[in-house]
> 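Have a look at the structure that comes next, please.
FYI, side chains are in, hydrogens and waters are out, and symmetry mates aren't considered; it's all heavy atoms of this structure.
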Amino acid sequence: MPKTAYEELIRKLNHNMLVSHQDRIPLLKTVLAALGHPDLNYRIIHLAGTNGKGSTGAMLAKSLENAGYRAGHFSSPAMIDQREQIQINGSMIEKEAFVALYEKIAQKLPQTITTASISIFEWFTLIMLEYFAENGVEWAIIEAGLGGENDATNIIEHPAAVVFTHIDYDHVQILGDTLEQIAQNKAGIIKKDATVFIAPKQTQQVRTILEKKAVQKRATSVIQAVPGTIQVIKRSITGFKVSLHAKTINIAATPFKLLGDYQIDNLTTVVTVYEWLFNQQVINDWQPLIEMMQHIQIPDRFQVLQRDPLVILDGAHNVDGTQALIKGLSNLNANHKLFFILGFLKDKDYSGMLHLYAKAADRIFAVQPDNPSRALRPTTIQTVLGNKVVGSYRDLYTALQQALTLADADTTIVVTGSFYLIKELEVPNVSNAN
């Protein structure tokens with residue numbers, strides 16, 4: 001089948017990761033200036049953090065959409081289609097629009113910049129900013145891809161708000177091998193006159209760095225999301241029942257569709273930002289948030305694929321995410337046996353994650369993610385963990401079939417370790433695997 005113009009374009013783009021290069025933000029800002037600063041056409045909430053950006057961003061975007069706004073959402077990584085990264089009111093950018101905007105921007109590049117010198121993530125960032133402007137976006141939720149200070153999304157000029165989800169160790173080769181260095185890098189998205197939000201359960205060290213940077217950059221204020229804002233009444237396989245206690249609203253009991261205890265922290269951050277929007281009179285009631293809580297669905301975050309036996313898909317790909325996943329599983333079904341189907345990238349802290357899985361797992365199935373240059377060999381997992389590993393598999397579906405064969409009604413099977421692994425698993429295939 002012949003490739004479309006969009007597919008050909010994606011193939012030919014520069015796929016190198018350039019975020020570690022110090023000159024990228026100044027270079028990309030010259031491109032943004034040549035485009036007439038499309039980012040000034042809408043208000044922006046800019047997110048950075050190690051874990052929680054995707055869920056927090058999706059909940060904020062849906063809440064604003066429910067409130068009647070045209071809401072843009074930029075997130076990464078994509079699971080099935082790269083265009084998932086650029087969405088307006090839940091609909092991703094059309095292939096034709098992507099190609100047309102690429103060509104438009106290419107024609108306006110300064111003479112010193114070639115199309116090939118811009119990486120694929122940088123192209124997605126530029127196209128997203130222009131697409132949102134051309135399509136009447138009023139609020140844009142923009143997630144940093146990696147880090148903050150040198151991330152392509154940091155070319156935006158005047159975010160209304162900056163949100164920091166949980167910050168921990170990840171991408172240490174690029175961001176630094178201390179929590180202080182990582183926090184300093186992420187704090188680089190703070191800008192003058194922005195309101196800064198900090199997710200709950202940050203370390204004191206991280207909070208201090210973010211607060212200090214906010215003062216240096218003359219941010220409007222720093223608002224800390226407070227643990228206990230959301231109280232869990234009940235957990236089940238269909239989600240939570242929670243009460244909500246903020247300064248301007250108290251709700252006794254309402255469903256929250258997502259699973260995983262880490263989503264309670266993400267929701268706490270969302271409620272904190274939402275209350276600020278309410279106080280700013282951007283939103284005039286709490287119903288849009290309640291509707292979001294009752295209907296939100298986020299693929300690959302504690303996603304239930306089937307129930308008998310229970311199969312869960314989760315994108316935990318660092319130690320912090322692994323700890324949150326294991327805690328959520330324990331709180332959901334404390335007595336279940338846990339089978340983990342694991343696949344990692346070799347440039348991640350897989351040894352730290354394996355240490356945690358070794359304690360929690362009854363059985364482990366090792367798989368190689370679909371990223372030949374970065375994938376960790378499954379035999380390495382087997383070497384590290386020994387007898388807990390049932391086997392090494394080059395194919396996720398074979399591993400899943402084996403796990404299903406060995407599982408009973410009191411078993412939870414979890415597929416995790418890398419987004420490159422879990423995106424191989426399409427829901428229709430799981431239902432046929434039993």
Side-chain angles (χ1 to χ4, degrees), residues 45 47-60 63 143 161-170 179 182-183 186-187 190 195-214 219 221-236 239-279 286 289-290 292-294 296 298 301-302 314 316 318-332 334 356:
I45 299 175
L47 283 76
T50 306
N51 290 309
K53 294 192 301 290
S55 297
T56 302
M59 285 191 272
L60 285 170
S63 296
E143 301 171 24
V162 171
V163 178
F164 292 99
T165 62
H166 196 247
I167 294 173
D168 209 288
Y169 292 94
D170 201 11
L179 201 55
I182 293 169
K186 293 181 188 295
I190 297 174
T195 300
V196 177
F197 294 88
I198 303 176
K201 301 180 183 176
Q202 305 280 12
T203 66
Q204 183 59 53
Q205 180 186 22
V206 166
R207 282 200 305 272
T208 299
I209 289 168
L210 297 178
E211 290 166 355
K212 184 177 179 180
K213 180 68 76 171
S221 60
V222 177
I223 300 175
Q224 174 72 52
V226 180
T229 300
I230 308 296
Q231 295 180 340
V232 176
I233 299 169
K234 182 182 178 183
R235 293 176 179 85
S236 73
F240 295 94
K241 181 168 281 189
V242 301
S243 59
L244 189 159
H245 304 287
K247 291 179 181 177
T248 55
I249 188 73
N250 282 290
I251 298 171
T254 189
F256 178 39
K257 191 74 177 289
L258 299 181
L259 284 169
D261 281 48
Y262 58 83
Q263 295 294 10
I264 299 300
D265 290 339
N266 293 332
L267 180 60
T268 300
T269 305
V270 170
V271 168
T272 307
V273 177
Y274 192 93
E275 186 160 48
W276 171 76
L277 292 168
F278 181 84
N279 291 333
W286 284 80
L289 178 90
I290 302 305
M292 177 280 292
M293 291 171 59
Q294 293 173 351
I296 188 77
I298 304 176
R301 270 80 168 184
F302 221 98
D314 192 85
N318 51 44
V319 170
D320 185 49
T322 300
Q323 290 171 330
L325 169 61
I326 291 171
K327 179 182 176 183
L329 289 166
S330 176
N331 287 338
L332 182 65
L356 295 169

> Any sub-3.5 Å donor-acceptor pair from Glu211's side-chain atoms to Val222's backbone N or O?
no

> Taking only residues two or more places apart in sequence, or in another chain, which ones meet Phe240 in a ring-ring contact (aromatic ring centres under 6.0 Å, His included)?
none

> Could I get the full list of side chain to side chain donor-acceptor pair (under 3.5 Å) partners for Asn279, not counting sequence neighbours?
none

> So, taking the atom named CH2 in Trp276 and the one named OG in Ser221, what distance separates them when rounded to the nearest 0.5 Å?
8.5 Å

> Work out which heavy atom in Ala187 is nearest to a heavy atom in Lys213; give both atom names and the distance.
O-CG, 3.4 Å

> Less than 4.5 Å apart, side chain to side chain, heavy atoms only: is that true for His245 and Gln231?
yes

> Mind checking whether Leu244 and Thr254 have side chains closer than 4.5 Å, heavy atoms only?
no

> Gly328 and Asp261: which non-hydrogen atoms are nearest, and at how many Å?
CA-OD1, 3.9 Å

> Any non-hydrogen side-chain atom of Val206 less than 4.5 Å from a side-chain atom of Phe164?
no

> Would you compute the distance between atom CZ of Phe197 and atom CD1 of Ile223 and round it to the nearest 0.5 angstrom?
4.0 Å

> How long is the span from the CG atom in Leu259 to the CG atom in Asn331, to the nearest 0.5 Å?
12.0 Å

> Can you tell if the side chain of Leu267 reaches within under 4.5 Å of the side chain of Thr269, non-hydrogen atoms only?
no

> Just verifying a value: how many Å separate Lys201 NZ and Arg207 CZ, rounded to the nearest 0.5 Å?
12.5 Å

> Quick one: does any side-chain atom of Thr50 pair with a main-chain N or O of Asp168 as donor and acceptor, under 3.5 Å?
yes

> Would you say Thr229's side chain and Ala225's backbone share a donor-acceptor pair under 3.5 angstrom?
no

> Check whether any side-chain heavy atom of Val226 sits under 4.5 Å from a side-chain heavy atom of Thr272, and report yes or no.
no

> So, using salt bridge (charged side-chain N to carboxylate O under 4.0 Å, His left out) as the criterion, who are the partners of Asp314 when residues are at least two apart?
none

> Verify side chain to side chain contact (heavy atoms under 4.5 Å, CB included) between Leu210 and Thr208, making sure each step is shown before the conclusion.
CA-CA 6 Å; Leu210 297 178; Thr208 299; over 6 Å; no

> Of all residues at least two apart in sequence or in a different chain, which pass the ring-ring contact (aromatic ring centres under 6.0 Å, His included) check with Phe302?
none

> Measure from the side-chain N and O atoms of Gln202 to the backbone N and O of Ile167, and report whether any donor-acceptor pair falls under 3.5 Å.
yes

> Between Ile209 and Lys212, is there a side-chain heavy-atom distance shorter than 4.5 Å?
no

> Residues two or more places apart in sequence or in another chain: which of them pass side chain to side chain contact (heavy atoms under 4.5 Å, CB included) with Ser330?
none

> State which residue, out of Ile264, Ile233, Ile251, fulfils the side-chain contact (heavy atoms from CB on, under 4.5 Å) condition with Val242.
Ile264

> Atom CD of Gln323 and atom OH of Tyr262: how far apart are they, to the nearest 0.5 Å?
14.0 Å

> Write down the atom of Pro227, the atom of Pro200, and the distance for their closest heavy-atom approach.
CG-CB, 3.7 Å

> Enumerate donor-acceptor pairs with a distance under 3.5 Å from any side-chain N or O in residues 51-60 to protein atoms, sequence neighbours excluded.
unit_1: Asn51; atom_1: OD1; unit_2: Asn318; atom_2: ND2; d: 3.2
unit_1: Asn51; atom_1: ND2; unit_2: Asn318; atom_2: OD1; d: 2.8
unit_1: Asn51; atom_1: ND2; unit_2: Asp320; atom_2: OD2; d: 2.9
unit_1: Lys53; atom_1: NZ; unit_2: Gly49; atom_2: O; d: 2.9
unit_1: Ser55; atom_1: OG; unit_2: Gln263; atom_2: OE1; d: 3.4
unit_1: Ser55; atom_1: OG; unit_2: Gln263; atom_2: NE2; d: 2.9
unit_1: Thr56; atom_1: OG1; unit_2: Gly52; atom_2: O; d: 2.8

> Any donor-acceptor pair under 3.5 Å linking the side chain of Glu275 with the backbone of Thr248?
yes

